[in-house]
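See structure below.
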Amino acid sequence: GQAKVSAIGLLNAAQGGLGQDMWAGTRLPLVMALLPRLPAAASSPAMQSLRRRLLVSTALPPADDASAADAGDQDGSALAAARIERLAAAGDSDAVARLLKFAPLTMENAVYARVQVEAELLNGNVREACRMARNFFSGDNVSGPTTDDQAIWQKVMAFCLALDGQAAQVELYEQLLYENGIDDEAYFTLLSGLSGGEVEPLDKIARTGPLHLAMLRAARRAIPADAVKGAAPAVVRAIATSPNASLSLRLEAAERAEAMGILGTEILARVYASVPFSAEQAADAIALAEQQPGPSAAAILYQVARIDDQISGRARALAAAWRNGRRSGRYMTAVRVNLSQTRTIQPDPALAWFAAPAGRALLAA
């Protein structure tokens with residue numbers, strides 16, 4: 001018979017996958033019920049690795065009995081979609097892109113299409129996102145009861161129409177969204193500004209999504225200071241490198257994304273290195289970190305640990321960076337980002353005080 005879509009994967013057992021028989025003895029309905037509950041944001045590297053291996057391993061699908069048809073998964077595409085959705089939720093865009101190449105008839109599946117349009121919005125490919133939305137509505141998808149999926153497309157479509165200056169059509173979609181009880185104040189504020197209405201201030205977004213970021217970029221508006229709270233991992237990563245985010249917001253987002261394993265530690269280091277500071281701040285960096293622990297102190301200490309002329313000064317900056325990380329709940333990020341600097345310090349009797357914190361940091365990293 002035809003190979004099941006659900007058997008696709010990126011890792012076989014030899015590459016560290018969980019093996020061809022990883023679902024043996026497990027029923028499909030159980031997998032379909034539990035997969036969506038897999039946490040998208042985990043700061044433990046062991047959990048991140050286990051989640052990724054579970055989602056990208058090449059394996060025979062779970063036991064396929066009569067209930068598989070009830071789970072709506074005759075060809076295994078629902079399981080493939082559930083895996084892709086979790087990878088996208090966790091911000092693993094590389095794995096998502098590679099898996100989407102496998103799946104036949106990808107855009108016929110609502111989950112694939114949604115994951116794809118959100119990826120385009122995050123990458124700033126608004127034209128491609130709008131082409132997909134027009135395709136979605138070229139069928140008969142405008143009216144009728146609104147599913148969550150449909151609402152997403154209606155929101156994208158209204159944004160595209162606003163960019164094209166089609167104010168009357170934007171109003172039509174706005175009406176539709178209001179009638180269907182869509183509650184997203186930030187979206188409506190941005191839409192109104194883009195379609196020639198009043199540009200109202202926007203100081204918070206309840207759950208920042210890819211569409212909000214694309215709209216803020218199109219309107220050349222700054223990302224609100226609390227946009228990281230409650231945002232999905234991929235959105236947090238995008239904020240970390242967004243030119244329309246303040247430096248303090250980019251720092252916060254970069255630290256979070258690094259902790260979630262979706263932003264390279266070297267990119268966080270680049271964000272740290274871009275933070276300007278005065279000679280006074282450098283001299284008082286350790287005291288500053290004691291008073292205001294957080295991303296700004298982490299960035300200054302990172303730089304001081306690299307530029308101080310004295311080895312003892314560098315060691316003090318590193319120890320302060322790790323203390324700052326413990327206070328702000330980002331110790332693992334602090335040890336990873338300062339690892340290469342820690343390695344340059346040679347053991348020395350004069351640095352005996354530094355041995356324990358440095359040993360812990362090296363082990364942790």
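Count residues from 1 along the sequence.
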* Scan side-chain atoms only and decide if S93 and R237 contain a donor-acceptor pair under the 3.5 Å cut-off. => yes
* **Between E258 and T265: side-chain donor-acceptor atoms closer than 3.5 Å** => yes
[X] side-chain N/O to [Y] backbone N/O, donor-acceptor pair under 3.5 Å:
X: S242; Y: A245; answer: no
X: Q48; Y: A259; answer: yes
X: R86; Y: L38; answer: yes
X: R314; Y: D308; answer: yes
X: T26; Y: P62; answer: no
X: Q341; Y: A305; answer: yes
X: S195; Y: A167; answer: no
X: N324; Y: G294; answer: yes
X: Q291; Y: L288; answer: no
X: N12; Y: A14; answer: yes

Mind checking whether [X] and [Y] have side chains closer than 4.5 Å, heavy atoms only?
X: D348; Y: I311; answer: no
X: R131; Y: N135; answer: yes
X: S340; Y: R306; answer: yes
X: L351; Y: W353; answer: yes
X: C130; Y: R134; answer: yes

Between [Y] and [X], does any NZ, NE, NH1 or NH2 come within less than 4.0 Å of an OD or OE carboxylate oxygen?
X: R207; Y: D183; result: no
X: E266; Y: R270; result: no
X: E252; Y: R330; result: yes
X: D184; Y: K155; result: yes
X: E290; Y: R323; result: yes

* Which atom pair, heavy atoms only, marks the closest approach of V31 to P36? -> O-CD, 4.4 Å
* To do: Report, as yes or no, whether the 6.0 Å neighbourhood of atom CD on Q292 holds more than 12 heavy atoms from other residues, nucleotides or ligands.
  =>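 Counting neighbours around CD of Q292, 12 or fewer heavy atoms of other residues, nucleotides or ligands fall under 6.0 Å, so no.
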* Just wondering, more than 12 heavy atoms not from E200 lying within 6.0 Å of its CD? ->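 Buried by this count: over 12 neighbours within 6.0 Å.
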* Before giving the answer on ring pair (Phe, Tyr, Trp, His ring centres under 6.0 Å), spell out for Y178 and Y173 the whole-Å C-alpha distance, their side-chain angles and the decisive distance to 0.1 Å. => CA-CA 9 Å; Y178 275 127; Y173 274 94; over 10 Å; no
same_hphob_cluster([X], [Y]) at 4.5 Å side-chain heavy-atom cutoff:
X: I286; Y: Y272; answer: no
X: L121; Y: V170; answer: yes
X: V96; Y: F102; answer: yes
X: V111; Y: L55; answer: yes
X: V117; Y: M215; answer: yes

* Applying salt bridge (charged side-chain N to carboxylate O under 4.0 Å, His left out), run through R221 and D203 and close with a yes or a no. => CA-CA 11 Å; R221 291 178 70 150; D203 48 8; over 6 Å; no
* Asked: Given the rule in the side-chain contact (heavy atoms from CB on, under 4.5 Å) test, do D226 and I205 qualify, once you have shown the distances and angles that lead to the verdict?
  -> CA-CA 7 Å; D226 74 340; I205 302 179; 5.6 Å; no
* Evaluate ring pair (Phe, Tyr, Trp, His ring centres under 6.0 Å) for W153 paired with F159, printing each intermediate quantity in order. => CA-CA 10 Å; W153 291 105; F159 166 51; over 10 Å; no
